[in-house]
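Everything on this sheet refers to the single structure shown next.
A, B, ... follow the sequence lines: proteins, then strands. Residue 1 opens every chain. All values reported here derive from a predicted model rather than from experimental measurement.
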Amino acid sequence: MPARAAEDLAERLEAIPGARGPTLVLGGGALHRVLDARPALRERLAPVFTADPCAALGDIACDPERLPIAEAAFGVAVSPLLLHWCNDLPGALVQLRRALKPDGVFLGAAFGAETLRELRTVLLEAELEETGGASARIAPFGVVQDYAHLLQRAGFALPATDRELVTVRYRDPTRLFSDSRAMGETSALRERGKPLTRNILARALDLYAQRYAEADGRVRATFELIVMTGWAPAPTQPKPLRPGAAQSRLADALKTTERSAGEKAGQ
Amino acid sequence: MSDAIELDPKLLEVLVCPRSRTPLRYDREKQELISDAARLAYPIRDGVPILWEEEARELGAEE
């Protein structure tokens, strides 16, 4: 998934010729490998600095919610699969916007609410069966509309979000856990409630295999990838006109006669 | 630290102290980034500035 998200972001950056470095990458790793395969894009985005919570993954180690970045320092900000970790996503987005020069572009990928819906369902059911109660096992992810709204609230111009559902097929459900762990994506919830017992887990894996197996015995897992795009505001950007500022009449463009709202058609 | 990795001056230009949001001063000898405004020194490990407040050292009166 991280490679897929990075690939997606790089393709979008290739399609935005105005995107020029310096570039801030929030959340290290996958994007660098993707850029290595795209020397022209890498050159356009250079210099590329990576900020990550973990020192081993970045050029700077920092809290993504307290970016140690000067204002208007970057032409591009990219965040592959880190933002769904933030407790204060609106705050993190505002800081990214501030780090951008006017007309600088932000591209971010995050997991959406549909992510791991199969696992959520079976864990919930298994826990209910075993204990008569349930606790949150997978951190909640935002839905696509939330992210769109947040971009706007963070002051980005021309905000856009879109989503893609990606189905990954695993040989058996336990692979999904080892894969999540390899991505560093095990649950970030602080209050996880009662520990997951062996019985619940075994029951959940059974349910998973029963319900989501395909003809060849592999099981599927859904990931929802949300990609956000927004620009730091600049006077040169297209803006909606004031109401009543139109220079030509809609009726002329449609080659029809304008009627006031009170008149009935055909009279 | 004689084998210290030199910090990229372009990187230093864009960094600020996460607490005070003011520019940082590079101490090559100690391999630290100093925030005079917040009176904090952030460590640089293997060439990577660690700009977590929790990791910073408070500056002494003489520094």
* Got a salt bridge between Arg4(A) and Asp8(A), using NZ or NE/NH1/NH2 to carboxylate O under 4.0 Å? -> no
* What part of Asp46(B) lies closer than 4.5 angstrom to a heavy atom of chain A: side chain, backbone, both or neither? -> neither
* Specify whether Phe74(A) and Phe49(A) have parallel, tilted or perpendicular ring planes, treating 30° as the upper limit for parallel and 60° as the lower limit for perpendicular. => perpendicular
* Of the backbone (N, CA, C, O) and the side chain (C-beta and beyond), which part of Glu54(B) lies under 4.5 Å from a heavy atom of chain A, both, or neither? -> neither
* If you tally heavy-atom pairs under 4.5 Å against chain A, which of Leu24(B), Ile50(B), Val16(B) wins? -> Val16(B)
* Asked: Does the Glu32(B) side chain pair with the main chain of Asp27(B), one donor and one acceptor, at a distance under 3.5 Å?
  -> no
* Asked: For Leu24(A), is it the side chain, the backbone, both or neither that has a heavy atom under 4.5 Å from a heavy atom of chain B?
  -> neither
* Structure fact -> Comparing Cys62(A), Ala72(A), Ala73(A) against chain B, the one with the most heavy-atom pairs below 4.5 Å turns out to be Cys62(A)
* Between Tyr26(B) and Gln31(B), does any side-chain donor sit less than 3.5 Å from a side-chain acceptor? -> yes
* Check the surroundings of atom CZ in Arg44(A): do more than 12 heavy atoms from other residues, nucleotides or ligands lie under 6.0 Å from it? => yes
* **Portion of Pro22(A) that has a non-hydrogen atom of chain B nearer than 4.5 angstrom** => neither
* Checking Arg21(B) against chain A: side chain, backbone, both or neither under 4.5 Å from a heavy atom? -> side chain
* Shortest non-hydrogen contact from Leu67(A) toward Gln95(A) -> N-OE1, 2.6 Å
